[in-house]
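These notes are about the structure you will find just below.
Positions are given from 1, in the same order as the sequence printed here.
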Amino acid sequence: MIPVLDGQSFLAQAIRSARDQSLPPVEIIVADNGSRDASLAIARSFGPPVRVISAPRPGAAAARAAGYAEATGEALMFLDADDLLAPDTLAHLADALRGRGAALACCSWRRYDLKGDCWRAGPASCAPRRPYHDDLAAWLTGWYHPPCSLLWSREAYEAAGGWDPTTSLNDDGDLVMRALVAGVPLIPAAGGIGYYRRLPAGAQSLSGQNRSARGLAARLRVLEKIETLLLQAGREGRYASPLAEAYRQIADECPIDGPEEVRDSARDGVSRNGGFGGVRRAARRLGEAAGRSWTGGASPGPNAIPAPGVRSAAETDSPLVSVILPTYNRAATLRRAIDSVLGQSYANLELLVVDDGSTDDTPRLVETLCDPRLRYLPQENRGVAAARNLGLEQSRGRLIAFLDSDDAWMPEKLARQVAQMQAAPGRVGLLYTGLAVSHEDGRVETWTPKARGHVLPEILKSNVLHFGTSSTMIRAEAAEVVGGFDSTLPANEDHDYWARIARFYEFDFEPAPLTLYDHAGSTPGAEARRSVQFARNMRARDLFVELHGFEAGRVGATFAYQMDSARRHLEWDEGNVRAGRRLLLKAARAAPAKPLPYVWLALSLLPSGPRGSLAGFLRRQRTPPAAAEAEGGSTVSPP
């Protein structure tokens, strides 16, 4: 069930993340609460299993209750219209519920925030759970799970009494705490993750109003309701301390010029639960006083973020594929790259050449090309990530392909990718190809991809898209979910981008070497900058750990990534032995029983020459042919 009120900006993303689960829902019920934007059109455009109903009463709780009245499934999720699910979330939650009867399953959750051009997953923004608290005490004192990380059995929902349409804010906390008071167990799932979106500035969610006057009053009413239920159940003494703490928080957050009734009632709650006396029935008085002195703000209207996936009549003839080609001072190779795009056997495309402030003949070269499918987008020099982001902003296609200006494509590359993407289920968000890699000595190395499906564990260990930007095609909707490339990273912005997509989508590949990667040093001075590039790469790897550490730890990828970083420092001439040792110690802390970090620590004591030779030998011995093939095989053709 997805309640929506003017949610056009993110509704399609929420629906897709639910529809494309590894355990698909039997139905997705979008309960409209009176939207005035394109939300209804977006929801109806999906067709089955999405159903759209109209909620007769205003408010998210009323919309959720209307959705429940229509639901036929054995288990229930109430997903907000701006939140997202990892692809395996429903499967893990359903496993946790299986055979439990009246129970509520929960999984991990993360905040989803817009940072610059990127949507980033951040820590759960709730109070930490104290080890001596049970579920209800923890919830009362600020620990919680948002709806996108909860799956209800029907019995649990009915034991809680259902949504209270009179609760305008904190309605989800109200429902969960009533379930916990009723004895419904909260069962942790073994996996899965919900992403609870924090809206950009100017677009406030219901949860963002918790500290408003209206929000404080709603929290107080819910707390008094839970206090009354505990008194009726004879369990008030056990929860006196967490109740007092919850009341105290409301009193402390009430502004000086805020409603005195709220502050006074909260202080009364603190006093009652300090030496738990009889419950004073203040909820009715509070509601009447709040109605006289101040009222909550109106429901938020449509925000200013453009609606993804909604196209005007003028855009119905847009190309299916947008090709983004960033370039900077590569006039010598740019023409070959452009010709390889415009010469594709698949013609329904647009080519966006994003010039990142070139000072060579790039502008004049592009001016000589007369093809209506080509658009030239110059910008000040801001780096390749910013150039790709400009291309993403200007793209019109439902599929997006990337090409670097010193690479090229085989003529059938797009045709084969488009056909495969059109045949793939919506959960496949990225498709890449095999490579033909040209070396300075004339060798052509052919690389065949192997990683497909749910690749997040693999991609958090290493970039499985080997030289992959130029081979990659993504769905435009995947770019809507994760945002743009991170222009603040010193390197490896593509690896970061693929990892962010892999949170929500599966990957697939076309094994043929349809992408031609020029590894022959086409960029002047590359050798002279190797030490600088190495330092930037290693700094980017450190940032990758910071940005993806939670997921890496969850899927067990931290050890492998730290070991690979340490190996680079110890094997490469540009590396720093001390930095490599620090990384080995971090890897050892992540997996103290594994012997490999200690072996490499011993190797780090050797001089660089013997250390590199012995390390290479040991690595080859530890990587049997089957494992090498699993990571992607390669063959070499003669010059």
Side-chain angles (χ1 to χ4, degrees), residues 1-20 27-67 70 78-85 112-114 119 146-148 165 168-169 171-172 195-209 212 214-215 296-316 318 392-396 398 426 475-484 504:
M1 280 71 70
I2 303 178
V4 62
L5 172 63
D6 294 336
Q8 65 177 16
S9 297
F10 304 110
L11 177 60
Q13 299 176 30
I15 292 175
R16 291 188 195 107
S17 78
R19 180 196 64 186
D20 297 332
E27 61 194 349
I28 299 172
I29 300 172
V30 177
D32 179 59
N33 218 199
S35 297
R36 301 175 298 278
D37 63 359
S39 295
L40 284 172
I42 291 171
R44 287 170 177 155
S45 70
F46 280 87
V50 178
R51 288 195 287 136
V52 182
I53 66 170
S54 177
R57 296 181 59 176
R64 291 170 175 141
E70 297 284 335
F78 301 95
L79 180 67
D80 287 351
D82 54 1
D83 293 341
L84 297 163
L85 304 176
Y112 204 49
D113 299 323
L114 186 62
W119 283 99
C148 61
S168 57
L169 291 171
D171 54 328
D172 54 333
Y195 292 89
Y196 192 43
R197 194 187 301 265
R198 193 196 308 267
L199 295 183
Q204 189 179 43
S205 66
L206 291 176
S207 62
Q209 302 178 46
S212 67
R214 178 185 175 211
S299 298
N303 58 49
I305 303 174
V310 180
R311 298 183 179 275
S312 66
E315 293 180 303
T316 55
S318 296
L392 288 171
E393 293 169 10
Q394 295 292 321
S395 64
R396 297 178 295 161
R398 287 182 285 124
R475 297 189 193 274
E477 64 199 47
E480 294 167 2
V481 168
V482 304
F504 305 105

How far apart are the closest heavy atoms of [X] and [Y], and which atoms are they?
X	Y	result
Gln13	Leu84	O-CD2, 3.5 Å
Trp119	Gly483	CD1-N, 3.9 Å
Ala31	Ala63	CB-O, 3.3 Å
Ala61	Pro165	CB-CA, 4.1 Å
Ala14	Leu79	O-CD2, 3.7 Å
Gly67	Ile29	O-CD1, 3.6 Å

Sub-4.5 Å side-chain heavy-atom contact between [X] and [Y]:
X	Y	result
Arg64	Asp80	yes
Glu480	Arg16	yes
Asn33	Pro3	no

To the nearest 0.5 Å, tell me how far [X] [atom1] sits from [Y] [atom2].
X	Y	atom1	atom2	result
Asp82	Leu11	CG	CG	9.5 Å
Ser35	Leu5	OG	CG	5.0 Å
Ile15	Glu477	CD1	CD	11.5 Å

With sequence neighbours left out, what residues match Asp20 under side-chain hydrogen bond (donor to acceptor under 3.5 Å, both in side chains)?
->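 Residues passing side-chain hydrogen bond (donor to acceptor under 3.5 Å, both in side chains) with Asp20: none at all.
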Q.
Suppose we screen for ring-ring contact (aromatic ring centres under 6.0 Å, His included). Which residues come up paired with Phe504, at least two apart in sequence or across chains?
A.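 So Phe504 forms a ring-ring contact (aromatic ring centres under 6.0 Å, His included) with Tyr112, Tyr195.
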Listed pairs under 3.5 Å, donor-acceptor, residues 45-55 side chains, sequence neighbours left out:
{"residue": "Ser45", "atom": "OG", "partner": "Ile42", "partner atom": "O", "Å": "2.6"}
{"residue": "Arg51", "atom": "NH2", "partner": "Glu27", "partner atom": "OE1", "Å": "2.9"}
{"residue": "Arg51", "atom": "NH2", "partner": "Glu70", "partner atom": "O", "Å": "3.0"}

